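Start at 1 and go down the list; that is how both ligands and their atoms are numbered. Fair warning: this is a prediction, and the values are worked out from it, not measured in the lab.
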Amino acid sequence: MAPKPVIITCAPTGGVHTPTMSPHLPITPREIAAEAIAAAEAGASIIHLHARDPETGKPDPSPERFMEFLPVIKQSTDAVVNVSTGGGLGMTREERLRAALRASPEMASLNVGSMNFGLFPMLGKYQDWTHSWEPEFLEMTRDFIFRNTFADIEYILKELGEGCGTRFEFECYDLGHLYNLAWFVDQKLVEPPFFVQMVFGILGGMGAELDHLVHLKRTADRLFGDAYEWSVLAAGRHQMSFATQSAMLGGNLRVGLEDSLYIGPGELAKSNADQVTKIRRIVEDLGLTVATPDEARARLALKGGDAVGF
Ligand code: KMH
Ligand code: ZN
C-alpha cells in the first residue's frame with residue numbers, strides 16, 4: 001500500500017515565544033494572516049492559530065482579535081483553520097475557549113492533560129527585553145500549572161465539539177495523556193477518526209527522544225487501533241528532526257514559529273513558510289507526498305471550510 005500523504009500543520013505564532021526572541025515572530029493580525037497564507041502556499045494543509053495584542057505582542061484570547069485575521073486567511077487559502085484553545089499560559093478556561101466558540105472552526109487544539117509548562121529557562125538567553133511583560137510571563141511559569149482537567153476537557157468537547165461540529169488536534173505531552181484521551185473515546189465523547197498531536201520537548205512533558213516517540217506510537221496503536229491519525233511536533237532544536245522521524249514512521253508533522261524560532265543551528269527562521277518549505281523538501285526527498293487541505297479534511301472528517309463562523 002502506498003504511504004499516506006503527510007499532513008503538514010503550521011503554527012505561525014503561538015503563545016510561548018515573545019517578541020524579543022525573534023523579529024520574525026508574527027504579531028499583528030496582518031502579519032499573522034500573511035505568515036499563515038504563505039505557509040499554506042508552501043504546503044501546510046492545517047494552520048494552527050493564536051492571536052496577539054498588536055502593540056505588545058502579548059497572547060490575546062479575544063474573539064475580536066482572531067476575527068481580524070481568520071476571514072483573511074480563509075479568503076486567501078483553502079487550508080484548514082485550527083483555532084487554539086491552549087491560549088496563552090495563565091488564561092482561564094472560558095477565555096481560552098471564547099475565540100473558538102465565536103469562530104466555530106473546522107479544527108481546534110485540545111490539550112489532554114494538566115502539567116507543568118516551564119518556559120523560565122529561556123530567561124537566561126536574553127538580556128534586554130522589548131516589553132516588561134515578557135520576562136514576567138516567563139518567570140511566572142516557574143510556579144504555574146497548565147490546567148487541563150477532565151472537567152475542562154469535557155467542557156471543550158461538549159461546547160465546541162458537540163456544539164459547533166469542530167474536531168480536535170489532541171495535544172499529548174506525555175504517555176498519560178493518551179490514556180486521558182482513551183477515557184473520552186470510551187465515553188464516546190471523542191469519535192474516530194481523531195487527530196493525536198504528540199508534543200515533545202516542553203519542560204514538564206516528554207523530552208525529545210526517539211524512544212519516547214516509538215513508545216507513544218505503539219501505545220496509541222494498542223489503545224486506538226486504526227481509529228486515529230497521528231502527528232508529531234517537537235519544541236526548539238528538535239523540531240525538524242522529530243518532524244522527519246514522524247514522516248519516516250508513517251506519521252504527520254507540525255512546524256511553525258510557535259514551536260521553534262529556528263531554521264537551522266543558531267539561525268533564526270525568517271518566516272514560517274521557510275520552515276514549511278524545508279520540511280516539505282525533506283518529506284519529498286524521502287519519496288513521500290504532502291497532503292492537500294481536502295485530503296486532510298477527508299482523513300480527519302472535518303466539516304468543511306464553508307461551515308465555519310468567519
Ligand atoms: N505550544 C505548543 C507546545 C495549544 O495551542 O493548544 C502547544 C500548543 C497548545 O499548541
Ligand atoms: Zn498552540
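Taking a cut-off of under 4.0 Å to the non-hydrogen atoms of His50, the atoms of ligand 1 that pass are 5 (O). Listed by atom number, the atoms of ligand 1 under 4.0 Å from Glu171 heavy atoms are 4 (C), 6 (O), 7 (C), 8 (C), 9 (C), 10 (O). Residue-ligand proximity, Glu258 to ligand 1, at heavy-atom distances under 4.0 Å covers atoms 1 (N), 2 (C), 5 (O), 7 (C), 8 (C), 10 (O).
Among the atoms of Arg254, some N or O lies under 3.5 angstrom from an N or O of ligand 1. Ligand 1 has a nitrogen or oxygen under 3.5 angstrom from a nitrogen or oxygen of Asn111. Of the N or O atoms in Gly86, one or more lie within a sub-3.5 Å distance of an N or O in ligand 1.
At least one N/O/S atom of Glu258, from backbone or side chain, sits under 2.8 Å from the Zn ion (ligand 2).
Closest of all the heavy-atom pairs between Asn116 and Phe144 is OD1-O, 3.9 Å. The nearest pair of heavy atoms linking Leu70 to Ala103 is CD1-CB, 3.6 Å.
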inquiry  = Could you go through Asp274 and Lys278, starting from their C-alpha distance and side-chain angles, then the distance that decides it, and tell me whether this counts as salt bridge (charged side-chain N to carboxylate O under 4.0 Å, His left out)?
reply    = CA-CA 6 Å; Asp274 283 357; Lys278 177 169 176 167; over 6 Å; no
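For the pair Ile279/Ile8, a side-chain contact is recorded, criterion being any heavy-atom separation below 4.5 Å from C-beta on.
Looking at Ser84, Ala235, Gly15 and measuring to atom 5 (O) of ligand 1, the nearest heavy atom belongs to Ser84. In the candidate list Ala234, Pro59, Ser109, Ser109 is nearest to atom 6 (O) of ligand 1, counting heavy atoms.
With respect to atom 3 (C) of ligand 1, the closest heavy atom belonging to the protein is Ile202 CD1, 3.7 Å. The protein atom (non-hydrogen) at minimum distance from atom 7 (C) of ligand 1 is Tyr173 OH, 3.0 Å.
Sequence neighbours left out, the pairs with a member in residues 235-245 that pass side chain to side chain donor-acceptor pair (under 3.5 Å) are Gln239-Gln275.
Using cut-offs of 30° and 60° for the angle between ring planes, the Phe242 and Phe200 rings count as tilted. The aromatic rings of Phe194 and Phe170 lie perpendicular to each other, with more than 60° between the two planes, well past the 30° mark.
Both the sub-6.0 Å distance and the 45° axial angle are not jointly satisfied by Arg30 relative to the ring of Phe69.
Nearest N/O/S atom of His50 relative to the Zn ion (ligand 2): this is NE2.
At least one heavy atom of His48 sits closer than 4.0 Å to an atom of ligand 1.
Among Asn272, Leu49, Ile37, the single residue meeting the side-chain contact (heavy atoms from CB on, under 4.5 Å) criterion with Ile32 is Leu49.
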